[in-house]
Amino acid sequence: MINLSINRAGQSGFKNSALRAVAISTLALATAACATADGGQGMAATSAPAAEYDYVGWDGYLGGGDSSQYSALDQINAANVGQLEVAWTYSTGEGMPPIFSPTIGGGRMYVINGQSKLVALDPATGEELWVSDLEGRVGSRGVNYWESEDGSEGRLMVLNDGMLRAVDASTGKMIPSFGTNGGVDLRDALPEGSVIPDGPLMTNNPGRIYKNTVIMSLPAGAYDYASAPADIQAYDVITGELKWVFHTVPREGEFGHDTWPDTEDFAQFGGVHNWSESTIDTEYGIMFIPTGTPRYDFYGGNREGDNLFGNSLIALDAETGERLWHFQTVHHDLWDFDIPVAPKLMTITKDGQEIPIVIQVTKQGYVFTFNRLTGEPIWPIEEMPVPPSDVEGEHASPTQPVPTWPEPFMRMHFTVDDINPYLPEADQEALRENLTNVWRNDGPFTPPSERGSVSMPGHNGGANWGNVAVDPVNQRLYVVSRELPLLLKINKDNREEALEAMPNAQEDNVPYRWPVNFMLQSNGMVAIKPPFSNLTAYDMNTGERIFHIPNGEIMTLEEQGITGVGAQAPRSGPIVTAGGLLFVNTASDRALRARDAATGEVLWEHRFDAATEGVMATYEVDGRQYITVPVGGMGHFLGGLGLPAPGESRYVTFALPAGN
């Protein structure tokens, strides 16, 4: 067996620390199943793919189950992109501005309006075809389309106020034969003894569809020490029948259970939720789940151990839910470094061999890369020593995994030399004083503290949902970064009821809370100097950067003649096309740009009168390629910048001039 990460020999306080090492058998001819050292079964390295990806359609969130945000369409290309014009717009009305990524299937486009109602549009004209009569909340980021093998029926699989529903794609009506009276309550399959919330288990993660199975990731259900386990559940698309469940907090007898305390309160441990995005590998039938932080996010004195499968990339057999392999990117998380980015798939050539890989980009600024069949890292990952905690009762991990390659896509520190020069002088002086004399600041894994710890990249920085795209044909990875430090200053919660609510509370445990502090300054800007966002491209055959450039602008700085600074905290949803283009939207300058995908050069730009956030879509109708972008609102973390009041919320669709 080859040990692929460093064991922490001699370290106390962590159970089964060797479990974190994913070890792969050396196979002379790579024809037998690859077994991981932790007991999971990898797939045969030469397994034949079952199906190829559809890079032309856009039938699901992020373009489809593979989450590539890539299209093989090339009618719009580097030579003619400058001719793009608005083909149609659709107003979403009063209410929440759209961040919902359009889905196209059955000859219709599916979006939501400001009242969180599903809407079907004619994708060529924007004409409204139907508005769903579902009551209550619908996931805000996207939806997935399923079609029967003969093409006679189309369904949208929708989470609606915690009820999984099948919606007739042609009418918008709920299908009553699905589940019980048209729905499945995700709470029904939670393990016995779990914390069952009174309200619905609602998430903005739309799940994934594999054949006739919809795979849903549950939310934690409570932002507290005790919460529901965020299991992965699979249901039959036609009937709503439960097919399988994977426990992200392993139950007794399951692998990883002993990375948590052995306590009668075990059933109250929760979190570990895939709240954001997931990916289905239809070639090999693997469901890739990136998980989040165990509860409570910033203090773990009551949950000694590595806390599997928290902060992990988990590869599951999509047919059975069996774990094939996993890798934990953060041990015993104290920073809310959950994995919000969908895993990305491609096949690279390395050392003369073609290797199917999965790429996991993180909030910490790292790019983890694995053989997606076996879990073997493509480049070494090292367990690096990290600072200890000084908080009473805490059991911080002494090491954390860090990829040796590719290099990070963003800054990993925030010092007095990094203070934003565009802040008022009083703000700069306060930051200098705190960074020099008050706050703890020992690098990206500085544990939370009572005096305050700088977290850079913070948990709203790095890369987040929708921020990453790939070109699987040219083996390129594109990452939009959010350069956003924050302060983790935790306070004791001495209320008796708070201690009673903490699972496995020990004598030296006191519940701690984090008062939100994203270090936004008096003029609404982030504390760190530009660039506030970067766009980084990698050649994944080598791991080398292709380019690393500022991404976007801030309107109020542009008015002062200051450019090249990057957008503030963008929730960009980049897409790549076979036309050699990379489209990126940014909110603080209300812009959509088409860039040369090979160089990052801006080839075309359009400005809106409101923010643009979320993942756009590109598709073809009757031989004409379109690009639809969500537009509306002020934008995330932008309320204090003094930007103009936004225009109406809408979807804006671009195309080349008709007949061109």
Side-chain angles (χ1 to χ4, degrees), residues 54 57-65 100-113 115-121 123 128-190 200-219 231-245 274 277-280 282 287 318-319 321:
D54 169 24
W58 205 271
D59 63 354
Y61 177 59
L62 308 182
F100 190 95
S101 176
T103 287
I104 294 87
R108 292 168 292 271
M109 173 186 285
Y110 310 99
V111 296
I112 59 173
N113 63 22
Q115 289 73 51
S116 192
K117 297 284 189 181
L118 274 172
V119 178
L121 306 176
E128 187 177 279
L129 303 177
W130 54 252
V131 178
S132 173
D133 58 4
L134 291 179
E135 296 293 333
R137 182 181 163 196
V138 171
S140 65
R141 288 201 296 272
V143 71
N144 297 305
Y145 174 81
W146 171 90
E147 191 170 87
S148 61
E149 203 167 314
D150 62 4
S152 62
E153 182 186 4
R155 295 185 174 199
L156 300 172
M157 304 310 298
V158 179
L159 192 59
N160 169 219
D161 267 355
M163 299 292 289
L164 179 62
R165 302 192 190 280
V167 171
D168 186 327
S170 64
T171 67
K173 300 293 184 183
M174 181 184 69
I175 298 174
S177 60
F178 179 84
T180 302
N181 298 322
V184 175
D185 190 328
L186 300 184
R187 294 173 294 183
D188 291 347
L190 288 176
L201 281 173
M202 189 62 201
T203 176
N204 290 319
N205 183 341
R208 284 301 179 199
I209 295 174
Y210 178 66
K211 299 180 180 178
N212 290 338
T213 300
V214 57
I215 302 171
M216 299 298 297
S217 299
L218 274 61
D231 292 340
I232 313 302
Q233 300 176 350
Y235 295 91
D236 187 287
V237 167
I238 304 298
T239 66
E241 179 184 359
L242 182 67
K243 289 189 172 184
W244 55 258
V245 175
N274 171 223
E277 306 169 343
S278 55
T279 296
I280 182 68
T282 55
M287 183 69 181
E319 297 279 7

inquiry  = Side chains of Y61 and E277, heavy atoms from C-beta outward: is any pair under 4.5 Å?
reply    = yes
query = When you look at V143 and M157, which way does the side chain to side chain contact (heavy atoms under 4.5 Å, CB included) test go after all the steps?
reply = CA-CA 7 Å; V143 71; M157 304 310 298; 6.0 Å; no
query = Which residues satisfy the salt bridge (Lys or Arg N to Asp or Glu O under 4.0 Å) test with D185, sequence neighbours excluded?
reply = R187
message = Nearest 0.5 angstrom please: S116 OG to L134 CG, how far?
response = 9.5 Å
task = Quick one: which residue pairs count as a salt bridge (charged side-chain N to carboxylate O under 4.0 Å, His left out) with a foot in residues 163-175, not counting sequence neighbours?
result = D133-K173
key: side-chain contact (heavy atoms from CB on, under 4.5 Å) against M216, all qualifying residues, sequence neighbours excluded   = L159, L164, V214
query = Which pair of non-hydrogen atoms, one from V184 and one from G179, has the smallest distance, and what is that distance?
reply = CG2-CA, 3.8 Å
query = Can you say whether the rings of Y145 and Y110 are parallel (under 30°), tilted (30 to 60°) or perpendicular (over 60°)?
reply = parallel
note = When every non-hydrogen atom of P123 is compared with those of G107, the smallest separation belongs to CD-O, 3.4 Å
task = Apply salt bridge (Lys or Arg N to Asp or Glu O under 4.0 Å) to E149 and list each qualifying residue two or more places apart in sequence or on a separate chain.
result = none
key: Any donor-acceptor pair under 3.5 Å from N144 side chain to I209 backbone   = no
request  = Output all residues satisfying side-chain contact (heavy atoms from CB on, under 4.5 Å) with D150, sequence neighbours left out; order by chain, then residue number.
outcome  = S148, S152
request  = Decide yes or no on side chain to side chain donor-acceptor pair (under 3.5 Å) for Y235 and E241, but give the supporting numbers first.
outcome  = CA-CA 5 Å; Y235 295 91; E241 179 184 359; over 6 Å; no
inquiry  = The criterion is side-chain contact (heavy atoms from CB on, under 4.5 Å); which residues satisfy it with I238, sequence neighbours excluded?
reply    = W146, R155, D236
query = Between CG of N181 and CE of M163, what distance do you get to the nearest 0.5 Å?
reply = 8.5 Å
Counterpart residues, side chain to side chain donor-acceptor pair (under 3.5 Å), relative to T279 (two or more places apart) = S67
key: Worked check of side chain to side chain contact (heavy atoms under 4.5 Å, CB included) between L121 and V111   = CA-CA 8 Å; L121 306 176; V111 296; 4.0 Å; yes
Stepwise side chain to side chain contact (heavy atoms under 4.5 Å, CB included) test for M109 and T103 = CA-CA 6 Å; M109 173 186 285; T103 287; over 6 Å; no
key: From CG (D59) to CG (D54), nearest 0.5 Å   = 6.5 Å
message = Test of understanding: with side-chain contact (heavy atoms from CB on, under 4.5 Å), list the residues that count as partners of S278, not counting sequence neighbours.
response = N205, R208, N274, M287, I289, P290
inquiry  = Using every non-hydrogen atom in the two residues, find where G172 and S132 come nearest and quote the distance to one decimal.
reply    = O-OG, 3.2 Å
ask   = Which pairs count as salt bridge (charged side-chain N to carboxylate O under 4.0 Å, His left out) when at least one residue sits in residues 100-109, sequence neighbours excluded?
value = none
message = A side-chain contact here means heavy atoms from C-beta on lying under 4.5 Å apart; do L218 and T203 qualify?
response = no
request  = Taking the side chain as every heavy atom from C-beta outward, state whether V158 and L118 have any pair of such atoms under 4.5 Å apart.
outcome  = yes
key: Donor-acceptor contact present, side-chain S140 to main-chain N204, <3.5 Å   = no
message = Please report the interatomic distance OG1(T282) to OH(Y210), rounded to the nearest 0.5 Å.
response = 7.5 Å
message = Rounded at 0.5 Å granularity, tell me how far CG in D188 sits from CG in L201.
response = 10.0 Å
Test salt bridge (Lys or Arg N to Asp or Glu O under 4.0 Å) applied to E147 - qualifying residues, sequence neighbours left out = none
ask   = Under the side chain to side chain donor-acceptor pair (under 3.5 Å) test, which residues partner T180, sequence neighbours left out?
value = none
ask   = Rounded to the nearest 0.5 Å, what separation is found between the CD1 atom of I112 and the OG atom of S101?
value = 11.0 Å
inquiry  = With a 4.5 Å cut-off on side-chain heavy atoms, are N160 and R137 touching?
reply    = no
task = Might you point out which heavy atoms bring D161 and G136 nearest each other, and give the distance in Å?
result = OD2-CA, 3.2 Å
request  = State whether the side chain of Q233 and the backbone N or O of L186 hold a donor-acceptor pair below 3.5 Å, judged by distance alone.
outcome  = yes
T213: side chain to side chain donor-acceptor pair (under 3.5 Å) partners, not counting sequence neighbours = K243
